[in-house]
Amino acid sequence: MTERTNNSDRYDFKTIEEKWQKTWLVSSIDRVVQDDKKEKYYVLEMFPYPSGRIHMGHVRNYSIGDVVARYKRLKGYNVLHPMGWDAFGLPAENAAQKNNTHPAKWTYENIDYMKSQLRQLGLSYDWQRELATCDPDYYRWEQRIFVEMLQNDLVYQKVTTVNWCETCQTVLANEQVIDGECWRCDQPVEPRNMNGWFFKITDYAEELLSDLDTLKGWPEKVVTMQKNWIGKSTGLECKFAIKDSTESLSIFTTRPDTIFGVTFMSVAAEHPLIDELISGVDDEATIRTFISEIIAENKKLGPEEETEKKGIFTGRYCVNPFNGTQVPIYIANFVLAEYGTGAVMAVPAHDQRDFEFARTYDLPIKPVVIPPDTELDPATMEEASIAPGELTDSGQFTSLYSIDAQQAIIDHATEKGFGNAKTTFRLRDWGISRQRYWGAPIPMIHCDKCGAVPVPLDQLPVTLPDGNTELDNECLPLSKRPDFYETTCPQCNEPARRETDTMDTFVESSWYFARFASPQELNSPLDKSETGYWLSVDQYIGGVEHAILHLLYSRFFTKALRDLGYLTIDEPFENLLTQGMVIKDGAKMSKSKGNVVDPDELIQKYGADTVRLFSLFAAPPERDLEWNAQGVEGSSRFINRLYRYINNHLENLTGASESTYDESQDRALHRKIHQTIKKVSYDIETNFHFNTAISAVMELFNTLTSLTEESRRDRPSAQTIEEAIRTILILLFPMIPHFVSEMWEIMGLAGTPQQTNWPSFDEKAAEEELLTIVVQVNGKVRSRLDVPANTEDSELEALAIKDAQVLKFVGDKTIKKIIVVKKKLVNIVV
RNA sequence: GCGAGAGUGGCGGAAUUGGUAGACGCGCUGGUCUUAGGAACCAGUAUCUUCGAUGUGUGGGUUCGAGUCCCUCCUCUCGCACCA
């Protein structure tokens, strides 16, 4: 700021914003309680990880949420708008190691600072509901839910393969393995079989899928992503007997109609019957080497790459139960052990992967489904034919069409007892074990005699051990903390060992929205009366990056909590808004690109209201927002213009009630006021398009300034000017609450903006009585007519054909047709 | 490769059902005030060969009329990616 700037014509945002933030804090203005007489509205933004400071993505996300909250309050709803902290996670452990501090200390310091940042933005949260997931008073309930889920068969443990980093002595999540190496120390990760705990999300697969159709308020895109993730497919499960063995290979196929085209069998390298198949065959050693190779390759490769189809013949055969044909069994690198049965019937004529494999290893190709008007010649085919068609060479099913054949074949297999209809999901159970310190301990005790025993409910929470000064590192994994794991079995009292894994942090975020209804409840995770009133979340707002995991887990938890008797809803989030990213110079903000904008600096320079206004104005919420420093200036300029206008007109406005409405002078402004209320209400109500809402208010203000220029003689009355300003203020209140509160006070308006109702508009006042009708000749605009709104069509026609400009273009051509569109245009076709 | 979405001035973006393309803001140009302007205010700002013509990624179609509906192709973004 230079000395030359005249301070009096710029509003002092710093003083004003601090003043109102303090006022709101002292009066607990945003506190809400259950009130059965009022209709509730629950708006929630995805809570942040307390990484240290907020970024522009948060600013945008929370500005949007705050406008929704404030708008709904003005509309008379009892609005729940809480905020909390997703406070467990690996960064705290890393920071702790680096700075030789405790994760809890680091986390709570971050929370303090970020909370002060959110306060500075003027966000209207009910801070009395604040929660941090690392607080034992939060995760004790999570542990209780875990135990109850265990008792209801929704939790189990199994040994499974995980990514292990030897250097870090920990399991890594899939996202933390980059090109087969640890993201932190570049040590190649190794697969390791470990025991882990799982939530049975697959029990809800069908419901999670079908209820997606009830989520009318969700973006289609997110619904589709979840559908794909759940990945339901239906088909036939069928047993192929292994020759010279009592075992059989089970396969799953979605194309039972192609079963007569099976020419070989492919099994995964990890298939449980591998030993049975290859023990004692001639090439056993070679095959075993091959198996190790492809397992290693598959582990190493990222999920992106698609490798060449490779396989090896086991020397064994199995029998197609439909026609008794013997087909060779191959081990193939493209068969997934985890999906279906880990074995695939290979139909090269009708499956592209099998086709490629067959061509590589010169295996027979046998077409059995012929699409209409097609000939399939195994010798010349260049790709598999996947279209449905008429069956050929398929025994009793020959000449049936695909769809009918599928059912008939499933029925046949069921009848004969070697197969059945089967539904398969891509969705897997949710492994929640993490071998870390900074997470919620899994409340189990392992006893040699009694097995895995849940910690009795009255002994919860199982808290994390505090910093131990004797240890040089305070956040060692729990498995290295005897002070933590040494215990006795609750059943037999013998020495036993606590489970040392902590829960995936996604568990905490799967139910926090429900806890917000009764965050201080001491006797239960959730208060039935409170959740019954507040849930579900009416509007959830956050980044699309959580489209699958967080949102799917939350949906699962909601259903599980319902079945445990805690909730009565089926779905947690009625409406979902996935806001776009904040980008700069066309790229996502990142330190490496050096295009990061710091919210603190912006607030210092322009104030919170300007930052909020720009982030709402620059783009509709669902789109990416290009951050533009000059655009921020523009938003600041607008608020300052408004400020100066109000200050300059203060004297006239105070006596506003004495002036009288004069139709001829006030009509234009009065009309614009009501048009604006209508437009802004519509924009917010339909799709939260604040950008167009703000531009409508700007238009109203532009109209106001031009109608009240000093030089004009027909200026509107003080009464209407006051109405215009009051309207502008209340319409902007959800977006720039500090500024509006200050202006409200300066103008001496009644009460506070919070106590005001959202203005309703007078449809009649919003109507134009003079319309501009476009006159087209052959669809091209040639002239415009200003006519009273009630002009009859016939009169419009008459006026149009007499118009000088029109006549020029019509000339002596004959008029074929005249189209009149009410209130819009007249088109003369010649 | 499959699926979804999107392509509009120099820029961000407007345009409820097909009916004045470019609202609003930024930037830019000129002006006023001024010792000064990176302040404020005023005027202008799609393009061109400017009584007119052309313009919403390309090429077609439907229609009196298309940014909007249908088909072709191109580009970009996102998601999925051996799921049998």
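In what follows, every chain begins at residue 1, and chains take the letters A, B, ... in the order their sequences are listed.
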Colleague: Quick one: do A/D213 and A/K227 make a salt bridge, cutoff under 4.0 Å?
Modeller: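 So A/D213 pairs with A/K227 through a salt bridge.
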
Colleague: Provide the distance between the two P atoms, one in B/G10 and one in B/G22, to the nearest whole Å.
Modeller: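 The answer is 16 Å between these two P atoms.
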
Colleague: Quick check for you: among B/A14, B/U16, B/G19, whose closest atom lies nearest to any side-chain atom of A/T692?
Modeller: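 Side chain of A/T692 sits closest to B/A14.
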
Colleague: When the distance from OH of A/Y682 to P of B/A15 is rounded to whole Å, what number comes out?
Modeller: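 Between P of B/A15 and OH of A/Y682: 9 Å.
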
Colleague: Taking the same atom, C1', in B/C33 and in B/U49, what whole-Å distance lies between them?
Modeller: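 The answer is 40 Å between these two C1' atoms.
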
Colleague: Rounding to an integer number of Å, can you tell me how far A/L704 CG sits from B/C41 P?
Modeller: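 Rounding to the nearest Å, CG of A/L704 and P of B/C41 are 14 Å apart.
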
Colleague: If I pick the C1' atom on B/C64 and the same atom on B/C76, what distance separates them, to the nearest angstrom?
Modeller: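 To the nearest whole Å, 36 Å.
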
Colleague: Does A/V544 reach a base, just sugar-phosphate, or nothing at all? Heavy atoms under 4.0 Å.
Modeller: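 Touches nothing.
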
Colleague: If you only use heavy atoms from C-beta on, which nucleotide in B/C78, B/G52, B/G19 is closest to the side chain of A/K221?
Modeller: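 Nearest nucleotide to the side chain: B/C78.
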
Colleague: Can we call the ring centroids of A/F13 and A/F739 under 6.0 Å apart?
Modeller: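 No, the ring of A/F13 stays outside the 6.0 Å limit from the ring of A/F739, centre to centre.
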
Colleague: Report the nucleotide, chosen from B/C26, B/C80, B/A84, that has the shortest atom-to-atom distance to any side-chain atom of A/R637.
Modeller: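 Nearest to the side-chain atoms of A/R637, counting from C-beta on, is B/C26.
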
Colleague: If you check every side-chain atom of A/T772, which of B/C83, B/C24, B/U20 has the closest atom?
Modeller: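 Looking only at side-chain atoms, A/T772 lies closest to B/U20.
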
Colleague: Can you name the closest pair of heavy atoms from A/S385 and A/H350 and give their distance?
Modeller: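 Reported closest heavy-atom pair: O-ND1, 2.9 Å.
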
Colleague: Does B/G65 have OP1 or OP2 under 4.0 Å away from a side-chain N or O of A/R782?
Modeller: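 It does not, given that no N or O in the side chain of A/R782 lies less than 4.0 Å from OP1 or OP2 of B/G65.
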
Colleague: Atom CD1 of A/I548 to atom C1' of B/C80: distance rounded to whole Å?
Modeller: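 My rounded result for the distance is 8 Å.
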
Colleague: How is A/N702 classified with respect to the nucleic acid when contacts are heavy atoms under 4.0 Å: base, sugar-phosphate, or nothing?
Modeller: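 If one applies the 4.0 Å heavy-atom cut-off, A/N702 turns out to touch the sugar-phosphate alone, with no base involved.
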
Colleague: Can you tell me how far P of B/C41 sits from CZ of A/F701, to the nearest Å?
Modeller: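 Going from CZ in A/F701 over to P in B/C41 covers 9 Å.
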
Colleague: Of all the choices, B/U20, B/G19, B/A39, which nucleotide is nearest to the side chain of A/R784 once you look at every atom?
Modeller: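 Closest of the options to the side chain of A/R784: B/U20.
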
Colleague: How would you label the glycosidic angle of B/G9: syn (within 90° of 0) or anti?
Modeller: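 Syn, angle within 90° of zero.
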
Colleague: Between B/U47 and B/C42, how far apart are the P atoms? Round to whole Å, please.
Modeller: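 So the two P atoms sit 23 Å from each other.
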
Colleague: Could you tell me whether the phosphate oxygens of B/G79, OP1 or OP2, come under 4.0 Å of any side-chain nitrogen or oxygen in A/K227?
Modeller: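 Indeed not, no polar side-chain atom of A/K227 lies that close.
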
Colleague: Can you check the distance between B/C26 and B/A40, where both ends of the measurement are the P atom (answer in whole Å)?
Modeller: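 To the nearest whole Å, 10 Å.
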
Colleague: Are more than 12 heavy atoms from other residues, nucleotides or ligands located less than 6.0 Å from atom CD1 of A/I386?
Modeller: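 No.
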
Colleague: If we count only N and O atoms by modelled type, under 3.5 Å, do the side chains of A/T708 and A/Y645 hold a donor and an acceptor together?
Modeller: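 Yes, side-chain donor-acceptor contact under 3.5 Å.
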
Colleague: Counting only heavy atoms from other residues, nucleotides and ligands, does the tally under 6.0 Å from CD of A/E769 exceed 12?
Modeller: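 For A/E769, atom CD is crowded (more than 12 foreign heavy atoms under 6.0 Å).
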
Colleague: Taking the side chain of A/S695 as heavy atoms from C-beta outward, which of B/G52, B/G13, B/A23 is closest to it?
Modeller: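 Among the listed nucleotides, the one closest to the side chain of A/S695 is B/A23.
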
Colleague: If you measure from the P atom in B/A15 to the same atom in B/G7, how many Å do you get, rounded?
Modeller: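 It works out to 12 Å between them.
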
Colleague: Can you see if the side chain of A/N228 gets near the phosphate of B/C2 - specifically, an N or O under 4.0 Å from OP1 or OP2?
Modeller: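 No, outside the criterion.
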
Colleague: Given B/G27, B/C24, B/G13, identify the nucleotide with an atom nearest to the side chain of A/A619.
Modeller: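 Comparing B/G27, B/C24, B/G13 against the side chain of A/A619, the answer is B/G13.
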
Colleague: Ignoring backbone atoms, test whether A/K780 places a side-chain nitrogen or oxygen under 4.0 Å from the OP1 or OP2 oxygen of B/G52.
Modeller: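 Answer is no, no contact under 4.0 Å.
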
Colleague: Are any of A/Y339's side-chain N or O atoms less than 4.0 Å away from OP1 or OP2 of B/A84?
Modeller: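 Yes, because at least one side-chain N or O of A/Y339 sits under 4.0 Å from OP1 or OP2 of B/A84.
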
Colleague: With sugar-phosphate meaning primed atoms plus P, OP1 and OP2, does A/G231 contact a base, only sugar-phosphate, or nothing at under 4.0 Å between heavy atoms?
Modeller: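 Contact class for A/G231: none.
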
Colleague: Expressed as a whole number of angstroms, how long is the span from A/N640:CG to B/A40:P?
Modeller: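 Rounded to the whole Å, the gap is 8 Å.
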
Colleague: Could you check whether the side chain of A/K816 and the base of B/C64 have a donor-acceptor pair of N or O atoms closer than 3.5 Å, going by distance alone?
Modeller: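 Answer no: no donor N or O sits under 3.5 Å from an acceptor.
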
Colleague: Determine the minimum heavy-atom distance between A/Q352 and A/A384, stating which atoms define it.
Modeller: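 In terms of heavy atoms, the two residues are closest at OE1-N, 2.9 Å.
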
Colleague: How far, in whole Å, is B/G5 from B/G9 if one measures between their P atoms?
Modeller: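 Each nucleotide's P atom is 23 Å from the other's.
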
Colleague: Please state how far atom CD in A/Q630 lies from atom P in B/G10, giving the value in whole angstrom units.
Modeller: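 My rounded result for the distance is 17 Å.
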
Colleague: Any strand counts, and the cut-off is 3.5 Å on both contacts for Watson-Crick or G-U wobble. Which nucleotide pairs with B/C41?
Modeller: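 Its partner is B/G31.
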
Colleague: Less than 6.0 Å separating the ring centroids of A/F638 and A/F617?
Modeller: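 When the ring centroids of A/F638 and A/F617 are compared, they turn out to be at least 6.0 Å apart.
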
Colleague: Within this structure, what is the CD-to-P distance between A/E308 and B/C82, rounded to whole angstrom?
Modeller: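 Distance check: A/E308 CD to B/C82 P gives 16 Å.
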
Colleague: Checking contacts here: which listed nucleotide (B/G13, B/U54, B/U20) is nearest the side-chain heavy atoms of A/R623?
Modeller: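 The closest nucleotide is B/G13.
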
Colleague: Test side-chain hydrogen bond (donor to acceptor under 3.5 Å, both in side chains) on A/T692 and A/Y682; report intermediate values, then the result.
Modeller: CA-CA 10 Å; A/T692 48; A/Y682 178 88; over 6 Å; no

Colleague: What does A/S233 touch in the nucleic acid at a heavy-atom separation under 4.0 angstrom: a base, only the sugar-phosphate, or nothing?
Modeller: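 The residue A/S233 makes sugar-phosphate contact but no base contact.
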
Colleague: Does B/A84 have OP1 or OP2 under 4.0 Å away from a side-chain N or O of A/R426?
Modeller: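 Answer no for this pair, as no side-chain N or O of A/R426 is under 4.0 Å from OP1 or OP2.
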
Colleague: Would you indicate what A/V829 reaches in the nucleic acid, counting non-hydrogen atoms under 4.0 angstrom: base, sugar-phosphate, or nothing?
Modeller: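 It contacts sugar-phosphate atoms only.
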
Colleague: For B/U63, does the O4'-C1'-N9-C4 (purine) or O4'-C1'-N1-C2 (pyrimidine) torsion place it in syn, i.e. within 90° of 0, or in anti?
Modeller: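 Anti.
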
Colleague: State which of B/G12, B/A84, B/C26 makes the closest approach to the side chain of A/L336.
Modeller: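 For the A/L336 side chain, the nearest candidate turns out to be B/A84.
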
Colleague: Which is true for A/D354 with a 4.0 Å heavy-atom rule: it touches a base, it touches only sugar-phosphate, or it touches nothing?
Modeller: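 Nothing: the residue A/D354, judged by heavy atoms under 4.0 Å, touches no strand.
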
Colleague: At 4.0 Å (heavy atoms only), tell me whether A/Q776 reaches a base, stays on the sugar-phosphate, or touches nothing.
Modeller: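 If one applies the 4.0 Å heavy-atom cut-off, A/Q776 turns out to touch a base.
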
Colleague: When you measure from the side chain of A/M698, which nucleotide among B/A84, B/A40, B/G25 comes out closest?
Modeller: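 Between B/A84, B/A40, B/G25, the one nearest the side chain of A/M698 would be B/G25.
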
Colleague: Report yes if at least one side-chain N or O of A/N778 is closer than 4.0 Å to OP1 or OP2 of B/G65; otherwise report no.
Modeller: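 Checking B/G65 against A/N778, no side-chain N or O comes under 4.0 Å of OP1 or OP2.
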
